[in-house]
**Student:** 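After the structure tokens below, expect a handful of questions from me.
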Number of protein chains: 2
Amino acid sequence: MKLTEAKQQFISSWGAFGTHWGINRTMAQIHALLLVSVDPITQDDIMEQLTISRGNVNMNIRDLIGWGLVERVIITGERKEYFTAEKDIWKVATKIIKERKKRELDPMIKLLAQLENVEGDKKDKDIKQFTEVIGGIKKLGSQADKLLDVMVKAEENWFTGSVLKIFK
Amino acid sequence: MKLTEAKQQFISSWGAFGTHWGINRTMAQIHALLLVSVDPITQDDIMEQLTISRGNVNMNIRDLIGWGLVERVIITGERKEYFTAEKDIWKVATKIIKERKKRELDPMIKLLAQLENVEGDKKDKDIKQFTEVIGGIKKLGSQADKLLDVMVKAEENWFTGSVLKIFK
DNA sequence: CTGAATTTTCAAAATAAATTGAAAGCTAAT
DNA sequence: ATTAGCTTTCAATTTATTTTGAAAATTCAG
């Protein structure tokens, strides 16, 4: 496979994968394009390469910047803004984990904690089952939360090493 | 908060969370309803409680069964089918992990492996950067894959224990 | 300050995804 | 073999999400 074809394939597949994870297809594609672009590129470059509108590029780029995955680059002498993506995949992963944890996992745990305090007789069959299920999810969520915290703070080789160690 | 209100809250929030993870809102709500229902319930019960159509319930229930999260229950003497959800959250989590790994992570790693074999001079700047990025994602994906494999095979207390151990 | 270049916004349009409901398909009892 | 009771399917509709593109806002050079 040729490089151009491979890049194209990567961009389109990355977009498809994104949709399975609650990520907008175009955002994932823009991210993919920036990942495989050696030098910073402009909004016009992105519009052209992915054949999407200016507004679309602009909104998604800002989202990606919000996720800390892309940043603006000022090129002296140039009027236009250039963009570049973080290429270190471990950093990309930790940023995504950190952000999703904050946006989704943390609020969920908070909600579950509230639901656990349902009023009524704790010995009642229905209440018992409800608090057990909610408590179980909360516990699992908190555990995952802690694990992800450790991962985010750790170095990539910690991840690699620990996993391999588990296998002996 | 009263039990009925808490259940309602859980169902609607669980549905909302689902959408952030690429899961259809209604499927998540049906799952939530089954999680907090002590006894098995019928399609009609679900239709009524969530005010959704028969077809919708049927399709999503079948999907949930496909994920191994819900199962049919035959109640002797009853003509209707009843449904019940796995209540052990650890089992729920491992089933979801196993299934998403198979459906999404594994194919992604396979694709990346193909893209790594892009033809051309490995010293070429563009090719080098491309294979580095793809290789990095593949490595991270494989590592995650292995970690998830271990988790799925392990017991819940392994997860809890290991995490706590990391904290010393 | 002026205006050309560029970025941002957002209502409207297009597209994609979820939902309905009625018809068709089963199944089990008689 | 018939049929009532229940389940499944899927084309049509509704709803939700994404995308567009032109206008407004911003930026910066002269």
Side-chain angles (χ1 to χ4, degrees), chain A residues 11-34 40-67 70-85 103-104, chain B residues 11-34 40-67 70-85 103-104:
Chain A
I11 290 166
S12 98
S13 304
W14 204 242
F17 285 125
T19 59
H20 291 301
W21 293 98
I23 288 135
N24 168 291
R25 175 185 260 91
T26 306
M27 201 195 305
Q29 286 189 348
I30 293 175
H31 187 216
L33 173 59
L34 286 165
I41 59 179
T42 65
Q43 293 203 355
D44 292 83
D45 294 331
I46 298 170
M47 285 170 66
E48 195 187 326
Q49 301 244 0
L50 304 180
T51 53
I52 55 178
S53 74
R54 182 176 304 284
N56 199 359
V57 172
N58 192 271
M59 286 176 137
N60 284 117
I61 276 279
R62 273 189 311 118
D63 258 348
L64 284 166
I65 292 172
W67 280 83
V70 167
E71 53 180 41
R72 279 171 225 276
V73 174
I74 303 300
I75 296 199
T76 41
E78 289 274 6
R79 184 75 182 274
K80 282 187 182 172
E81 290 181 332
Y82 282 73
F83 299 94
T84 190
R103 294 185 192 188
E104 292 145 30
Chain B
I11 290 166
S12 98
S13 304
W14 203 242
F17 284 126
T19 59
H20 288 137
W21 292 97
I23 288 135
N24 166 290
R25 174 184 261 91
T26 305
M27 200 196 303
Q29 287 188 348
I30 293 175
H31 187 218
L33 172 60
L34 286 166
I41 59 178
T42 66
Q43 292 202 357
D44 292 82
D45 295 331
I46 298 170
M47 284 170 68
E48 195 187 325
Q49 301 243 2
L50 305 179
T51 52
I52 56 179
S53 74
R54 182 176 303 286
N56 198 1
V57 171
N58 192 271
M59 286 176 138
N60 284 116
I61 276 280
R62 273 190 310 115
D63 257 348
L64 284 166
I65 291 172
W67 281 84
V70 168
E71 54 181 41
R72 280 171 225 276
V73 175
I74 304 299
I75 296 199
T76 42
E78 288 273 7
R79 186 73 182 276
K80 280 186 183 172
E81 290 181 332
Y82 283 73
F83 299 94
T84 190
R103 294 184 193 191
E104 291 145 31

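Within every chain, numbering begins at 1; the chains are lettered A, B, ... in the order of the sequence lines, protein sequences first and strands thereafter.
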**Student:** State, with a plain yes or no, whether a side-chain heavy atom of Ile11(A) is found less than 4.5 Å away from one of Gln49(A).
**Tutor:** no
**Student:** Heavy atoms only: give me the nearest Ala16(B)-Thr19(B) pair and the separation to one decimal.
**Tutor:** O-OG1, 2.6 Å
**Student:** Once you round it to whole Å, what is the distance between C1' of dC6(D) and CD1 of Ile61(B)?
**Tutor:** 15 Å
**Student:** How would nucleotides 19-29 of chain D be written as a contact map, 5' to 3', with B for base contact, S for sugar-phosphate-only contact and - for no contact, using protein heavy atoms under 4.0 Å?
**Tutor:** SBB-----BB-
**Student:** In this structure, how many angstroms lie between the P atom of dT19(C) and the CE atom of Met47(B), rounded?
**Tutor:** 14 Å
**Student:** State the CD-CD1 distance between Glu81(B) and Ile61(B), to the nearest 0.5 angstrom.
**Tutor:** 9.5 Å
**Student:** Working to the nearest 0.5 Å, report the span between OG1 of Thr51(B) and CD1 of Ile46(B).
**Tutor:**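 Separation between the atoms: 12.5 Å.
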**Student:** How many whole angstroms separate atom CD of Gln43(A) from atom C1' of dT9(C)?
**Tutor:**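 After rounding, the gap between these two atoms is 13 Å.
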**Student:** Less than 4.5 Å apart, any side-chain heavy atom of Ile65(A) and any of Phe83(A)?
**Tutor:**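 Side-chain contact under 4.5 Å: yes.
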**Student:** Output the distance between atom OG1 (Thr42(A)) and atom CD (Glu48(A)), rounded to the nearest 0.5 Å.
**Tutor:** 8.5 Å
**Student:** Report the distance from atom CD of Glu81(B) to atom P of dC26(C), rounded to the nearest whole Å.
**Tutor:**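 For the pair Glu81(B) CD and dC26(C) P, the rounded distance is 14 Å.
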**Student:** Got a sec? Which of residues 12-19 of chain B come in under 4.0 Å of DNA chain C, heavy atoms?
**Tutor:** none
**Student:** Determine all donor-acceptor pairs shorter than 3.5 Å in which one atom belongs to a side chain in residues 24-34 of chain A; sequence neighbours excluded.
**Tutor:**
unit_1, atom_1, unit_2, atom_2, d
Asn24(A), OD1, Thr26(A), N, 2.9
Asn24(A), OD1, Met27(A), N, 2.9

**Student:** Rounded to whole Å, please give me the gap between CG in Asn58(B) and C1' in dA24(C).
**Tutor:**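 Whole-Å distance recorded here is 13 Å.
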**Student:** Using whole Å, what does the distance between atom P of nucleotide dT6(C) and atom CZ of Arg72(A) come to?
**Tutor:**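 One finds 15 Å between P of dT6(C) and CZ of Arg72(A), rounded.
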**Student:** Mind listing the closest non-hydrogen atom pair of Glu104(A) and Phe17(B) along with its distance?
**Tutor:**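 That closest heavy-atom pairing would be O-CE2, 3.7 Å.
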**Student:** Please state how far atom CZ in Arg62(B) lies from atom C1' in dG25(C), giving the value in whole angstrom units.
**Tutor:** 13 Å
**Student:** What is the minimum heavy-atom distance between Gln43(B) and Asn58(B), and which atoms define it?
**Tutor:**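 Residues Gln43(B) and Asn58(B), closest heavy atoms: NE2-ND2, 2.8 Å.
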**Student:** Rounded to whole angstrom units, what separation is found between the CD1 atom of Ile23(A) and the P atom of dT18(D)?
**Tutor:**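 Roughly 11 Å, once rounded to whole Å.
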